[in-house]
**Student:** 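Just dropping this structure here.
Owing to the predicted nature of the structure, the values given are computational and were not obtained by experimental measurement.
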Amino acid sequence: MKQLLTNPRNILAIAAYVCLTAAIFAVGIGIGYHNGKGLMTMQASVTATGIPDGTPAPAASETPPRYRVILEDGELRLYLDENGASRLISNNEISEASFPASDVAELKEGIHFDTLSDALALMENFLS
């Protein structure tokens, strides 16, 4: 680790990465403020159930959306499964040889999540 931080080229690369990340974040915030005239553009009242007023209640036959991360054809894919239909959200190539066989077997079976953030967190773990 010490060698990594003593090489001037590595320090320059790390500094450039950090600065670029901060610049992209700042531009995104600036665009958000400019387009929306602030972070919150409209107020909404929420009922005791957590559903905003005026939002139609889901039909009894609808199933809540679930997210599925699965390894297919050398790609890590994220699907939205809702009301019997499946929609591909994201796919990224990965090398199966880089991961333990037990993890690869579990991914090939598919891992289900109730929230998109949980599914994205798992994908980030495998893609980074």
Side-chain angles (χ1 to χ4, degrees):
M1 181 69 175
K2 188 172 184 173
Q3 282 182 326
L4 179 68
L5 295 177
T6 57
N7 186 344
R9 293 178 81 193
N10 291 343
I11 292 172
L12 182 61
I14 292 169
Y17 176 78
V18 170
C19 289
L20 182 62
T21 302
I24 290 171
F25 180 76
V27 167
I29 291 293
I31 290 171
Y33 272 109
H34 175 61
N35 289 344
K37 307 295 184 237
L39 289 178
M40 187 170 170
T41 59
M42 133 180 158
Q43 291 184 344
S45 61
V46 178
T47 62
T49 61
I51 299 173
D53 287 342
T55 303
S61 64
E62 291 182 6
T63 58
R66 297 214 45 200
Y67 299 91
R68 179 171 39 105
V69 176
I70 189 166
L71 181 60
E72 297 176 322
D73 302 323
E75 290 185 337
L76 190 59
R77 297 179 180 168
L78 173 61
Y79 289 96
L80 169 63
D81 298 330
E82 187 174 34
N83 298 326
S86 198
R87 182 172 55 104
L88 179 65
I89 296 174
S90 173
N91 59 316
N92 299 90
E93 287 188 30
I94 65 167
S95 172
E96 295 177 27
S98 302
F99 303 102
S102 60
D103 289 348
V104 171
E106 190 175 357
L107 282 172
K108 285 185 177 182
E109 293 288 322
I111 303 171
H112 297 272
F113 297 93
D114 291 328
T115 64
L116 178 60
S117 61
D118 291 341
L120 290 174
L122 177 76
M123 287 191 73
E124 180 66 27
N125 286 339
F126 280 94
L127 296 175
S128 60

**Student:** Quick one: are F99 and I94 in side-chain contact, heavy atoms under 4.5 Å?
**Tutor:** yes

**Student:** Just how far is it from atom CG of L78 to atom CD1 of I70, taken to the nearest 0.5 Å?
**Tutor:** 11.5 Å

**Student:** Taking atom OH of Y67 and atom CG of L80, what is their separation to the nearest 0.5 Å?
**Tutor:** 5.0 Å

**Student:** Treat each ILVMFWY residue as a node, draw an edge where side-chain heavy atoms are under 4.5 Å apart, and state whether Y79 and L116 are in one component.
**Tutor:** no

**Student:** Between N92, L88, N91, which is the residue that forms a side chain to side chain contact (heavy atoms under 4.5 Å, CB included) with E75?
**Tutor:** N91

**Student:** Out of curiosity, does F113 fall in the hydrophobic cluster containing F126 (side-chain heavy atoms, cut-off under 4.5 Å, transitive links)?
**Tutor:** yes

**Student:** Go through the structure and list residues passing salt bridge (Lys or Arg N to Asp or Glu O under 4.0 Å) with D118, not counting sequence neighbours.
**Tutor:** none

**Student:** Just grab all the salt bridge (charged side-chain N to carboxylate O under 4.0 Å, His left out) pairs involving residues 83-103, residues at least two apart or on different chains.
**Tutor:** E96-K108

**Student:** Working to the nearest 0.5 Å, report the span between OG of S102 and CG of L107.
**Tutor:** 9.5 Å

**Student:** Drop me the distance from R68's CZ to I111's CD1, to the nearest 0.5 angstrom.
**Tutor:** 11.5 Å

